[in-house]
Undergrad: 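First the structure, which I've put down as C-alpha cells, then a few questions once you've had a look.
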Amino acid sequence: NAAHCSRVEGKGTEGRKKTSGLSFAQAQGGFPHKSPRFGSGGGRGTLCACARLCCPRVSSLRSGEESEPQAWTSGNRAHAGFRLASEICLKRTGHLASLQTSSFRVMTTKESGGAKAESALSSSANPSKRVSEKPNYALKFTLVGHTEAVSSVKFSPNGEWLASSSADKVIIIWGAYDGKHEKTLKGHNLEISDVAWSSDSGHLVSASDDKTLKIWDVRSGKCLKTLTGHSDYVFCCNFNPPSNLIISGSFDESMKIWEVKTGKCLKTLSAHSDPVSAVHFNCSGSLIVSGSYDGVCRIWDAASGQCLKTLVDDDNPPVSFVKFSPNGKYILIATLNNTLKLWDYSRGRCLKTYTGHKNEKYCIFASFSVTGGKWIVSGSEDNLVYIWNLQTKEIVQKLQGHTDVVISAACHPTENIIASAALGNDKTVKLWMSN
Amino acid sequence: WSRDGHKLVSASTDNIVSQWDVLSGDCDQRFRFPSPILKVQYHPRDQNKVLVCPMKSAPVMLTLSDSKHVVLPVDDDSDLNVVASFDRRGEYIYTGNAKGKILVLKTDSQDLVASFRVTTGTSNTTAIKSIEFARKGSCFLINTADRIIRVYDGREILTCGRDGEPEPMQKLQDLVNRTPWKKCCFSGDGEYIVAGSARQHALYIWEKSIGNLVKILHGTRGELLLDVAWHPVRPIIASISSGVVSIWAQNQVENWSAFAPDFKELDENVEYEERESEFDIEDEDKSEPEQTGADAAEDEEVDVTSVDPIAAFCSSDEELEDSKALLYLPIAPEVEDPEENPYGPPPDAVQTSLMDEGASSEKKRQSSTDGSQPPKKKPKTTNIELQGVPNDGDRGLPLEGSAKGKVQAELSQPLTVADIL
C-alpha cells in the first residue's frame, strides 16, 4: 500500500513498454514509510517552527495593499506578474536580508552542515579565477509537510508562493520567502504528478493518476473544476500565458487542450506513441512543446493544434522533460540518458549539452535560472541539485541536502531562490538562496 | 477600440457616445449628440481624440480630457451625411459626402491639404458610404452608392493635392448581381479586401494587388448582414447578422512532414536514385566536417531571455510593442454549484482582484443595496450642440430589419478560444 504516483514511480521507462505501476513498485520494494530523518522527535513540525519563529509573515497581497487587477499586458507576458512581484520585493528587501541570516544560523545546527560546506568548497576549490561567476546557493529552509514523495514544485508567477504536489494526493502552498505552510489542497483520489500556476497566481492546475486534472482557486483552497477525459494517468500540465487554456500530457499518449472557463476539452493531440512526459507553452502562448518517452519532441501551433516540427535526436532516448526558454526561442530537453540539451528548434540544432548528473529513470524537472547569472538547474537521481553555467556548460554548483532523488527544481521569478523537492525517502521541499 | 485596448467607445441609438473601461466595465464619460451617430473612431495614435460622424452634420472631433469638441469643415454646407475616417496614423482625416467629394484634412489644424471627387460612369456623382484604411501600408478604400469599391493609395491622394484627379488602383464590384455593399474592410496585412453584401449574408474577398475575386463566403440564407471585421493579425473574419456573430477561418491542412523530420512531402512521384554508398555499412562518402561544426555551435553565446517584439503588433515606425497594451482579460473558471463557489454569486466575465480579502468579485453593473460598497459614480455626460442640427430626442437611428429602441451598450463576453479552435 505504498503511495506512489506515476512520476515518483518512474513508471513506464524500462524498455519503453507499459508496465503496471504495481509490479514496478514491487520490484523496487515499494516506498517504505520511514519517518523523516531530519529534525528531532516528531520531525514534521520542528524545522517549520523554526522558520516561523524567524520569519514573521509579510504579504502585501494578503493585507490588501495590492489591488490592481492582474491584467495581461505584453510587458508582463513573459514573466507573469513580474512588475508586481518586483514591487513587493522592493518593499521587503531589508526584511529579507535579515530573514536569510537568522534562519540560516538555525538550520545549520540541525542540518549536517552539508549545504554550507558544499558552497564553501565550490568557491575555494577553484583558485584559477574564471571569468564566469558561480552562484552560492545555500539551504535556507526545509519544508516538511508531505507524507509521501513530492512530485513537483513550482513558484507562483508573482513570486509570493511555492506550490508542491505529492504522492500523498494533496498540494501544499508555501510562502516563497519564508517557507511557511500556507494551505493544503485536497480533492484528488490518487497521487498527483504535476502542478502549475496560472499567470495571475490565482489558480492552480494539478495532474493526477486518477486520470483527471483539477483547477483550484488559491485564495479559498477549493477545487473549482475537474477536467475529465484522459484514459490513463495525467502526468504533466501547464497554463498558457493568458491562462484561459490548460495543456495536459498523459500516459494515454495524448495531450489535451482544455478551456479553463468551462472545463471542456477543446482539442486532443495524439501524436506520440508513448506516455507524454512534459508539455509547455511558450511565453506568447502561440506554441506548445511536448516531450514523450518515445524519444520525440514535438512543437505545435497552439491556435490550430497543428504539428509544426518534430525534434528527434540520434538514438532517441526517452524524453523525460521539456520546456521553452523564457524568451521562447530555445527548448531545454532532458532525456533518460543523463543528458540535458538546449535546442534551437527553428533550426533544429542542439546548441548546448549539460551532463554530470544522473537521470535514467525519473522525469526530473529542470529550469532556467535568469535572476542572477544564467544557469540551468536540474534535480538528479544522486540526491543533488545540479547547477550548470548556461553558456559554458560547466557544473558551477551541486546542492547537497536531500536524502532521495531530487525530482523537481524550480527557480523563483525574480529572486535568486531555488526550490527543490525529493522522493519518498525524503518527502521534503528545500529552499536555497544565493546572493 | 483604443490603441492600447484598455478603452472602448460606442454610439447608441439614444444618440449618446460613451467611453468604457474594458477591465472594470465602467462607463468613463458620455456625450449626448442631437442626432443619431453613424460612426465613432479613436484616433489611431492618440486615444484622447475620438472622431464622431453624426447624421445631418459635419464630423466632430471630441477631446476626451476636456470634453471639448471641434466641428470639421465640410465642402458644402448643405451636406446631410458626411462620413469620415482617420488615416492609418491619424495624421489626416478623410471625409466624404453625398456628392462624392472627398476632403483630406490635417488632423491638428483641420487644414485642407487635398481633395477630389469620385465620379461614376460619365461624370455623375455618387454618395460616399464609408472610407476604410488598411492597417498596414497606405491604401484605403471608398464604398460608394454606385456599388463599386475603389481602392486608392493615400500617398497619391496627397500628391494630387486639392481638386486632384487621382485614379483608383482597383475598382472592385460584383458585376453579375450588382451587389450593394454594406461594409468593407482590409485584411490585417492589407493584401485582401472583404466586402459584405447589403442584400444577403455573403462575404466577397478580393486580392488587393490583382483585383481578382478570391472567395465568396456564404452565411445562413435569409439573414441580413450588419457588419464585417477582419482580425488584425490572423486569417479570421467576423460577421454579424440576426444577432449572431459568425467567425470565418481557414480549414487547417495537416502538414504531415512536420511529424517526421526526415520525410519531405512530394506533390508527385519522384524517381529515386540510389547513392553509391546506399547500402554500405560504413559510409565512406560521409563528410568529416560535421563533427567540428557541432562543436563550434556549442560555443556560441545563447540568449534565453530577450524577447523579440512581435512584428504584427508593431507599426513600421515603432520598434517596440506597447508594454501597457491590454492583451488578455483575466479568466476564472465558471462555477455552477453555488455551494462550491468561493465568491458567492457566480463570478462575472471580468474580475478585478483575485486575492481581495472579503470583497467578492466586483460587479459594477449591479446596484449595491447593502451600502457597504460606495455608490458607483455616475459618468460625466456632456451635451454636444451642433449648429443647424435640431435635437431629435430619442427617435433614434432606425436599425435595418430590427425593432427600434435603445440598444444596451453592455460589455460583451470576451471571445472564448473555443470559437477560434
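Residue numbers begin at 1 in each chain, while the letters A, B, ... track the order of the sequences.
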Undergrad: Is a side-chain N or O of A:Asp294 found less than 3.5 angstrom from the main chain of A:Ser273, in a donor-acceptor match?
TA: yes

Undergrad: Counting only non-hydrogen atoms closer than 4.5 Å, does A:Lys309 touch chain B with its backbone (N, CA, C, O), its side chain (CB onward), both, or neither?
TA: backbone

Undergrad: Apply the test side chain to side chain contact (heavy atoms under 4.5 Å, CB included) to residues A:Leu224 and A:Trp216: give CA-CA distance (whole Å), side-chain angles for both, the deciding distance (0.1 Å), then the verdict.
TA: CA-CA 5 Å; A:Leu224 297 180; A:Trp216 308 83; over 6 Å; no

Undergrad: What's the verdict on side chain to side chain contact (heavy atoms under 4.5 Å, CB included) for A:Phe324 and A:Leu287, showing C-alpha distance, side-chain angles and the deciding distance?
TA: CA-CA 9 Å; A:Phe324 279 103; A:Leu287 298 177; 3.8 Å; yes

Undergrad: Need one label for A:Ile299: side chain, backbone, both or neither, based on atoms under 4.5 Å from any heavy atom in chain B.
TA: neither

Undergrad: Which of the residues A:Gly285, A:Gly263, A:Ser325 is involved in the greatest number of heavy-atom pairs with chain B at under 4.5 angstrom?
TA: A:Ser325

Undergrad: Under a 3.5 Å distance rule, please check whether A:Gln391 uses its side chain to pair with a backbone N or O of B:Val302 as donor and acceptor.
TA: yes

Undergrad: Select one option (side chain, backbone, both, neither) describing which atoms of A:Trp300 are under 4.5 Å from chain B's heavy atoms.
TA: side chain

Undergrad: Please flag which part of A:Leu390 lies under 4.5 Å from any non-hydrogen atom of chain B: side chain, backbone, both or neither.
TA: side chain

Undergrad: Run the salt bridge (charged side-chain N to carboxylate O under 4.0 Å, His left out) test on B:Lys7 and B:Asp28 for me, step by step, so that the C-alpha distance in whole Å, both residues' side-chain angles and the decisive distance to 0.1 Å come before the verdict.
TA: CA-CA 9 Å; B:Lys7 305 284 181 194; B:Asp28 293 337; 2.8 Å; yes

